[in-house]
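Take this structure first; my questions come after.
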Amino acid sequence: MSRQLHGRVVSRLALFTVAMFGFGFALVPLYDVICDVTGLNGRTADEPADQETYVIDESRAVTVEFVALENGYADWEFRPAVTRMTVVPGKAYHTTFFARNRKTEAKVAQAVPSVAPGRAARHFNKTECFCFTRQEFQPGEGRDMPLVFVLDPRLPSDVSTVTLSYTFFELQDTPVAVNNGVQKSGGEGV
Amino acid sequence: MSTDAIAHDDHHDEPAKGLMRWVTTTNHKDIGTLYLLFSLLMFFVGGAMALVIRAELFQPGLQLVDPHFFNQMTTMHALVMIFGAVMPAFVGLANWLIPMMIGAPDMALPRLNNWSFWIMPFAFTLLLATLFMDGGAPASGWTIYPPLSLQTGDAFPFLIFAIHFMGISSVMGSINIIATILNMRAPGMSLMKMPLFVWTWLITAYLLIAVMPVLAGAVTMLLTDKFFATSFFNAAGGGDPVMFQHIFWFFGHPEVYILILPAFGIISQIIPTFSRKPLFGYASMVYATASIAFLSFIVWAHHMFTVGMPLAGELFFMYATSLIAVPTGVKVFNWVATMWKGAITFETPMLFALAFVVLFTIGGFSGLMLAMAPADFQYHDTYFVVAHFHYVLVPGAIFAIMAAVYYWLPKWTGHMIDESLGRKHFWLSVIGVNILFFPQHFLGLAGMPRRIPDYALQFAEFNALSSIGAFIFGLSQLMFLWIVIKTIRGGQQASDQVWEGAKGLEWTLPSPPPYHTFETAPEIK
């Protein structure tokens with residue numbers, strides 16, 4: 001009798017354990033969804049924004065700052081063409097970032113964007129960005145990479161400065177599934 | 001009737017002889033003893049690491065160890081103390097006490113019980129072996145945040161598998177405890193008649209089952225990120241290292257209550273005994289424990305106020321965290337109210353229990369300070385945090401475990417402890433622990449970061465003081481070891497009752513109890 005009782009409790013608890021193990025993994029897509037919706041964590045889109053036309057509000061000026069970082073000790077040259085510009089929400093602007101491969105072999109790199117403050121992230125629309133694709137560099141090659149962006153006029157009115165920061169990651173030469181699909185959510189790797 | 005049956009059982013229920021008894025045992029008392037001895041061993045291993053840390057921090061500058069080894073010590077100290085000392089000690093107490101407290105003959109699943117214990121030595125062999133590997137032991141802190149933790153050398157997979165093993169052991173132990181409590185209570189023992197230690201363990205076991213698998217998932221993701229090119233936490237591949245912090249602390253905050261709820265149970269057994277009054281507010285204690293367990297799931301991000309959360313998030317986690325002070329306050333109030341107008345005596349277990357109430361509450365208050373998001377930006381990752389969690393874990397959890405050992409050791413061994421040695425151990429410990437951790441509050445408020453082997457000169461005096469306290473506290477634990485050994489080997493014969501005011505089924509058994517107890521369920525009045 002007690003064997004049956006134990007069996008029921010144990011099987012329920014074992015099921016619960018497995019479910020919680022799964023829940024840990026379910027947090028991964030859940031986290032992505034929450035970040036995409038709220039712009040939490042400075043996440044910005046890694047694909048081109050829709051070409052929306054906005055009502056341009058000429059009276060409002062927002063400072064956009066550009067930051068370029070290398071991951072670890074990658075030893076690349078990586079910097080924005082201009083470090084700051086004053087923009088009007090609703091208008092499209094063009095700027096470039098310069099990167100140079102200092103190594104003697106060909107390398108592939110990927111820039112990952114982040115916007116601060118976090119609540120500005122989903123109003124920072126990039127219509128063209130070098131961060132959407134992997135960038136291949138020959139040994140010693142350097143080039144300017146384009147960025148076209150529009151600030152959505154719905155940007156909260158108390159935000160007067162937005163910082164766009166890129167971190168440049170040197171990728172392994174092996175064609176890891178970094179570029180397609182997995183890019184958006186780590187969860188798809190499993 | 002039950003005592004007759006036990007006296008009769010005594011002679012044909014001898015445990016097997018020799019070493020194999022301990023390897024093959026399925027007896028809850030044997031397994032409880034194994035857990036407690038394992039925990040004691042790990043307490044000294046983790047303690048030795050702490051003394052390396054404090055010896056290095058005695059003076060500014062680098063004297064004894066290089067910074068990388070220092071980081072290995074902080075990481076391993078935490079892992080060993082949390083998973084090797086505190087958790088197994090509570091499981092050991094649960095094994096010994098829960099069947100005797102609810103009138104059950106053994107745990108529900110004795111073979112699983114044996115397995116839960118014997119996984120632990122393997123887990124810790126894996127973990128401690130990393131100290132001798134290329135690149136050394138894990139050195140990224142026990143929170144193993146990526147990307148830093150992904151730079152761990154050969155030790156990395158060993159660390160992950162050790163955590164998996166610990167998790168499996170905890171989950172199996174918890175399933176066993178829940179099945180025992182739900183199915184094997186003596187007739188007449190309703191849930192609301194259970195001793196509070198049993199209640200707190202029931203809730204703790206549910207917490208363990210809920211969060212250990214989440215930790216297992218998180219470390220598995222780290223493993224695949226490092227070796228199988230996934231990008232859960234790798235920003236270059238579209239992952240997010242901050243996500244690890246969310247998943248980790250979703251486990252981590254319930255985990256800190258796993259480390260304290262059984263201690264609440266122990267204190268709720270000991271204070272009524274030596275106050276010679278029933279526990280004040282039994283039902284509110286049960287509900288408070290359950291509320292704390294529930295709240296533990298919705299406060300995790302207070303460990304990471306500085307990662308750049310939206311204001312609404314900061315506020316939510318701040319208020320939810322502050323709310324925990326309410327059920328905790330109920331508990332402290334009930335302990336004090338239990339003592340109110342009681343006929344109190346101050347035997348060693350009671351001294352430790354009283355120190356627990358005072359010093360744990362200090363740790364609770366500093367926790368409340370850290371819960372205030374705007375203030376936390378100042379305290380985050382400073383020695384103030386170190387002081388806070390050591391106050392709740394050392395004079396909190398560890399003092400409660402020591403109180404439990406002093407309280408139940410006469411029952412387990414049949415010998416009274418050496419009371420005068422016990423009191424000396426208490427006073428050395430309580431003075432040592434305060435010299436050790438109190439100055440760390442000041443260091444933190446003055447801005448000394450945690451996890452550093454060297455520091456600015458203005459922190460020198462408080463660090464020296466703290467290190468002196470560490471050696472007083474650490475060395476006085478050798479006295480604890482000596483008292484335990486002495487009590488096991490002999491001493492004044494303990495009566496069945498042991499303590500005048502003790503209530504509960506375990507005190508109706510002989511001291512020491514026979515190998516098998518309550519084969520016929522006792523009657524509950």
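Order of the sequence lines sets the chain letters (A, B, ...), proteins ahead of strands, with each chain counted from 1.
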With sequence neighbours left out, what residues match A:Ser11 under side-chain contact (heavy atoms from CB on, under 4.5 Å)?
-> none
Per-residue contact mode, B:Met184 against chain A (heavy atom under 4.5 angstrom) | side chain
With only heavy atoms counted, which part of B:Thr180 is less than 4.5 Å from chain A, the side chain, the backbone, both or neither?
->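 Answer is neither: B:Thr180 stays 4.5 Å or more from chain A.
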Contact leader toward chain A among B:Gly167, B:Ala179, B:Ser174, where contacts are heavy-atom pairs under 4.5 Å = B:Ala179
Checking A:Val112 against chain B: side chain, backbone, both or neither under 4.5 Å from a heavy atom?
-> side chain
Where on B:Phe250 is there a heavy atom nearer than 4.5 Å to chain A: the side chain, the backbone, both, or neither?
->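 Contact with chain A: side chain only.
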If you take all heavy atoms of A:His6 and B:Asn183, which pair is closest and at what distance?
-> ND1-ND2, 2.9 Å
Is it the side chain or the backbone of B:Leu215 that comes within 4.5 Å of chain A heavy atoms, both, or neither?
-> neither
For B:Phe294, does the CZ atom sit with more than 12 other heavy atoms under 6.0 Å from it, leaving out its own atoms?
->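 Check fails, neighbour count at 12 or below.
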Within 6.0 angstrom of B:Tyr319 OH, more than 12 heavy atoms from elsewhere | no
Side chain, backbone, both or neither of B:Ala218 within contact of chain A (heavy atoms, under 4.5 Å) | neither
Could you name the residues of residues 13-21 of chain A that have a heavy atom within less than 4.5 Å of a heavy atom in chain B?
-> A:Leu13, A:Ala14, A:Phe16, A:Thr17, A:Met20, A:Phe21
Residues that A:Phe78 engages under ring pair (Phe, Tyr, Trp, His ring centres under 6.0 Å), provided they are two or more places apart | A:Phe97, A:Phe168
Where does the angle between the aromatic ring planes of A:Tyr31 and B:His246 fall among parallel (under 30°), tilted (30 to 60°) and perpendicular (over 60°)?
-> tilted
Who are the salt bridge (charged side-chain N to carboxylate O under 4.0 Å, His left out) partners of A:Arg100, not counting sequence neighbours?
-> A:Glu77
Top of B:Ala210, B:Gly217, B:Pro213, B:Ala216 for chain A proximity - count of heavy-atom pairs under 4.5 angstrom |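 Highest number of pairs under 4.5 Å: B:Pro213.
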